[in-house]
Amino acid sequence: MPEGPSMVILKEAVQEFKGKKVVEVEGNTKVIDKDLLLNKAIVDFKTWGKHFLICFKGFTVRVHFLLFGTYQINEHKDTPARLHLGFRDGELNIYAASIRIIEGDIDEAYDWTADVMNESWNPLAAKKKMLARPDMVCCDALLNQDIFAGVGNIIKNEVLFRIGIHPLSTVGAIPKTKLAAMIREAKIYSFEFLEWKKAFVLKQHWLVHQQRNCPNGHGPLTIMHLGKTKRKSYFCEQCQKRYGTLENEASLIWKPPAGVRKPNRIATRKPVPKKFR
DNA sequence: AGTAGTGTTCGGCC
DNA sequence: TGGCCGAACACTAC
């Protein structure tokens, strides 16, 4: 769900509700005054990076799906929705997402030039932002939503492999052609991601992300949690060149704690049989 | 069947 | 004041 292209898919999928009046508001979100939305018409749907935006006159509902969020259109699960919008003919259900209201003009709230999927995406602005932080490592730069809104861990790993740059290379030290390639590929890969995801063939195009071996035959990939973000990087030491030196290198390499892991779910729930969904 | 992950925010602590 | 860290969130493909 979470990366930018998935938000574009969602936006396209809900076009039938554009201009339609919300006639029912439910859900366990705590931050929405349900009466605020009731009987209001949806002016537009927008996306900014990983944000899905439901625009009303004078305010916008911001939806962020984080890692686990899901949605359903004209169908629903039996679990309570975080936000349910009912229309005269149809419904939109959002689960496990972060919801917020943004007051006022949405153009005031967002820098559209930072969104790799937006027509206002500005590569030069991205270049400026990166060169303002020359010591930032490339894996952090790509995940920085102020610079590359919409880019997530998959796109990060694939872009760095495509351009042959080691994730711990610093932004200021890589050749300018590589900097340009990084910015260019962030957008190109995002749109390829979009098409592959629509065709349900995204995973089979991954060259390094969640892979074991270098696609160019260099043997096992290196897999480490890197950068301030500590997100998993998959990369090939031979294909991806490292530039620049780091004073604080140790702090940018993280190992997950060994030993007993905590359960990642609080309660188990029996899956609902498909025929009841 | 148990686990890791397409992510961000928040409070607490130095 | 601010950076760093862990917890929380809560779904599902593999």
Side-chain angles (χ1 to χ4, degrees), chain A residues 1-10 27-31 47-52 62-72 76-83 93-100 102 115-117 133 135-136 139-140 142-160 186 189-198 200-212 223-234 247-248 250-274 277:
Chain A
M1 186 56 44
E3 297 198 29
S6 301
M7 296 302 101
V8 174
I9 291 171
L10 170 55
N28 56 20
T29 173
K30 289 166 194 148
V31 293
T47 68
W48 181 87
K50 300 162 190 169
H51 297 193
F52 173 61
R62 191 208 78 175
V63 181
H64 197 304
F65 289 89
L66 302 178
L67 209 49
F68 305 131
T70 57
Y71 62 84
Q72 301 216 304
H76 56 86
K77 312 184 187 190
D78 72 331
T79 50
R82 177 63 39 80
L83 181 64
N93 295 296
I94 290 161
Y95 306 88
S98 161
I99 311 266
R100 261 196 217 176
I102 298 170
D115 178 2
V116 294
M117 306 296 290
R133 306 167 180 76
D135 296 331
M136 180 168 52
C139 59
D140 282 338
L142 279 165
L143 290 176
N144 186 322
Q145 300 298 294
D146 294 330
I147 306 175
F148 295 103
V151 169
N153 207 34
I154 298 172
I155 299 174
K156 175 204 81 178
N157 284 325
E158 295 295 313
V159 165
L160 288 174
Y189 190 85
S190 294
F191 279 93
E192 290 182 359
F193 182 124
L194 173 63
E195 293 311 315
W196 290 333
K197 175 123 182 147
K198 279 181 181 172
F200 305 103
V201 293
L202 177 62
K203 287 189 188 185
Q204 56 189 266
H205 284 91
W206 291 348
L207 297 176
V208 290
H209 188 258
Q210 291 187 3
Q211 306 304 302
R212 300 182 74 110
I223 303 169
M224 298 172 96
H225 292 81
L226 299 179
K228 295 195 178 193
T229 47
K230 294 179 181 169
R231 302 287 253 110
K232 217 180 220 184
S233 283
Y234 295 77
E247 304 219 349
N248 54 340
S251 72
L252 296 174
I253 300 174
W254 182 77
K255 286 203 172 92
V260 187
R261 285 194 191 79
K262 279 189 164 182
N264 62 0
R265 70 154 69 191
I266 293 136
T268 52
R269 191 179 59 239
K270 280 186 185 168
V272 185
K274 243 189 181 147
R277 285 196 231 181

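Only this structure's heavy atoms are used, side chains among them; waters, hydrogens and symmetry mates stay out. Chain naming here is simple, since letters A, B, ... match the order of the sequence lines and numbering starts at 1 in each.
- A straight line from CG of Asn28(A) to P of dC9(C) spans 12 Å, rounded to a whole angstrom.
- More than 12 heavy-atom neighbours from other residues, nucleotides or ligands sit within 6.0 angstrom of CD on Gln204(A).
- Comparing atom distances between the Arg100(A) side chain and each of dC11(C), dT8(B), dT9(B) picks out dT9(B) as nearest.
- The nearest pair of heavy atoms linking Lys232(A) to Asn153(A) is O-ND2, 3.1 Å.
- Counting only heavy atoms from C-beta on, Lys203(A) has its side chain closest to dA13(C) among dG5(B), dA13(C), dT8(B).
- Summarising the geometry, the separation between CH2 on Trp196(A) and P on dT6(B) is reported as 17 Å, rounded to the nearest angstrom.
- In this structure, the CG atom of Leu66(A) is 6 Å from the C1' atom of dT8(B), given to the nearest Å.
- For the OP1/OP2 pair of dT12(C) and a distance below 4.0 Å, the side-chain nitrogens and oxygens of Lys77(A) include at least one atom meeting the criterion.
- Rounded to a whole Å, the CD atom of Gln204(A) is 15 Å from the C1' atom of dA13(C).
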Dot-bracket notation for DNA chain B is requested: 5' to 3', Watson-Crick or G-U wobble pairs only, both distances under 3.5 Å, with ( ), [ ], | and . as defined.
.||||.||||||||
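- If you check every strand for non-hydrogen atoms under 4.0 Å, Lys230(A) touches sugar and phosphate atoms only.
- For Ser6(A), taking side-chain heavy atoms from C-beta onward, the closest of the listed nucleotides dT6(B), dC5(C), dA10(C) is dT6(B).
- Distances shorter than 4.0 Å separate some side-chain N or O of Gln210(A) from OP1 or OP2 on dT6(B).
- Proximity of the aromatic rings of Tyr189(A) and Trp196(A) is defined here by a centroid distance below 6.0 angstrom, and this criterion is met.
- For the pair Val116(A) and Ser190(A), the tightest heavy-atom approach, listed with the atom from each and the gap, is CG2-OG, 3.6 Å.
- If you check every strand for non-hydrogen atoms under 4.0 Å, Phe193(A) touches a base.
- Listed nucleotides dT12(C), dT8(B), dT6(B) differ in distance to Gln145(A); the shortest reach to its side chain belongs to dT8(B).
- Of the listed nucleotides (dA10(C), dC4(C), dT8(B)), dA10(C) has the atom at the smallest distance from the side chain of Ala96(A).
- When distances run from any side-chain atom of Phe68(A) to the nucleotides dA10(C), dT6(B), dT8(B), the shortest one goes to dA10(C).
- Rounded to an integer number of Å, the gap from Ile99(A) CD1 to dA10(C) C1' is 14 Å.
- Between Phe65(A) and Thr70(A), the shortest heavy-atom contact is CE2-O, 3.4 Å.
- Inspection of the Ser233(A) and Lys156(A) side chains reveals an N or O donor paired with an N or O acceptor under 3.5 Å.
- At dA4(B), none of the side-chain N or O atoms of Lys232(A) fall inside 4.0 Å of OP1 or OP2 (strictly under the cut-off).
- Here the closest non-hydrogen pair linking Ala97(A) and Val63(A) is CB-CG1, 3.8 Å.
- What separates CZ of Phe65(A) from P of dT8(B) is a distance of 14 Å, to the nearest Å.
- Residue Trp48(A) contributes atom CH2, which lies 12 Å from atom C1' of dT8(B) at whole-angstrom precision.
- Residue His225(A) contributes atom NE2, which lies 14 Å from atom C1' of dG6(C) at whole-angstrom precision.
- A cation-pi arrangement, defined by a distance under 6.0 Å to the six-membered ring centre and an angle within 45 degrees of its axis, is present between Lys77(A) and Tyr95(A).
- The side chain of Arg82(A) places no N or O atom within less than 4.0 Å of a non-bridging phosphate oxygen (OP1 or OP2) of dC9(C).
- Annotation: of the two residues near DNA chain C, Ser251(A) and Pro80(A), the 5′-most nearest-nucleotide partner is Ser251(A).
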